[in-house]
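Working notes, beginning with the structure itself.
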Amino acid sequence: INGPVLGARLFLKNIHKSNYIETYSCDEITIRRKNSDVIHFDGEPGHMGEELKIKIIPKGLNVFVN
C-alpha cells in the first residue's frame, strides 16, 4: 500500500525522509544478516549470503557523454 508513496518520493528526491527508509553515508559497510536471502542491487535482483560487504571505489566508474 505504501509503494506508490515511496515511488513518488523517489522521483521527487525526498525518499530519505520516509519512515520506511534508512540511509547511511560511509566509504564501506558490512551488513550481517541471519540468513542468506535475495537482494536488489542497482536494479538487478540476486541472492547473497549472510554477510554483505559494500565498498565505494573512488573514481571507479567512467562515464562518457557525447
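As the structure is a prediction and not an experimental result, all values here were calculated from the model.
- In terms of heavy atoms, Cys26 sits closest to Ile29 at SG-CB, 3.8 Å.
- Put simply, CE on Met48 and CG on Asp37 are 12.0 Å apart, with the number rounded to the nearest 0.5 Å.
- Remark: Ile31 CD1 to Tyr24 OH distance equals 8.0 Å, nearest 0.5 Å.
- Partners of Val65 under the side-chain contact (heavy atoms from CB on, under 4.5 Å) rule, at least two apart in sequence or in another chain, are Val63.
- Sorted pairs that involve residues 11-26 and meet salt bridge (charged side-chain N to carboxylate O under 4.0 Å, His left out), not counting sequence neighbours, are lacking altogether.
- A 6.0 Å sphere centred on CG of Asn2 holds more than 12 heavy atoms belonging to other residues, nucleotides or ligands.
- Atom-to-atom distance recorded for Leu61:CG and Lys59:NZ is 13.0 Å, nearest 0.5 angstrom.
- Residues passing the side chain to side chain donor-acceptor pair (under 3.5 Å) test with Glu28, sequence neighbours excluded: none.
- Residues satisfying the side-chain contact (heavy atoms from CB on, under 4.5 Å) criterion with Ser18, sequence neighbours excluded, are Leu6, Arg9, Tyr20, Ile21.
- Cluster membership check: Leu52 shares its hydrophobic cluster with Phe41, using side-chain heavy-atom separations under 4.5 Å among Ile, Leu, Val, Met, Phe, Trp and Tyr.
- Taking a 6.0 Å sphere around CD1 of Ile57, one finds it holds 12 or fewer heavy atoms contributed by other residues, nucleotides or ligands.
- Side-chain contact check for Ile39 versus Arg33: some heavy-atom pair is nearer than 4.5 Å.
- Partners of Lys53 according to the side-chain contact (heavy atoms from CB on, under 4.5 Å) rule, which considers only residues two or more places apart in sequence or in another chain, are Thr30, Glu51.
- Residues Ser36 and His47 come closest through the heavy atom pair OG-CE1, 3.5 Å.
- In this view, Glu44 satisfies the side chain to side chain donor-acceptor pair (under 3.5 Å) rule with no residue, not counting sequence neighbours.
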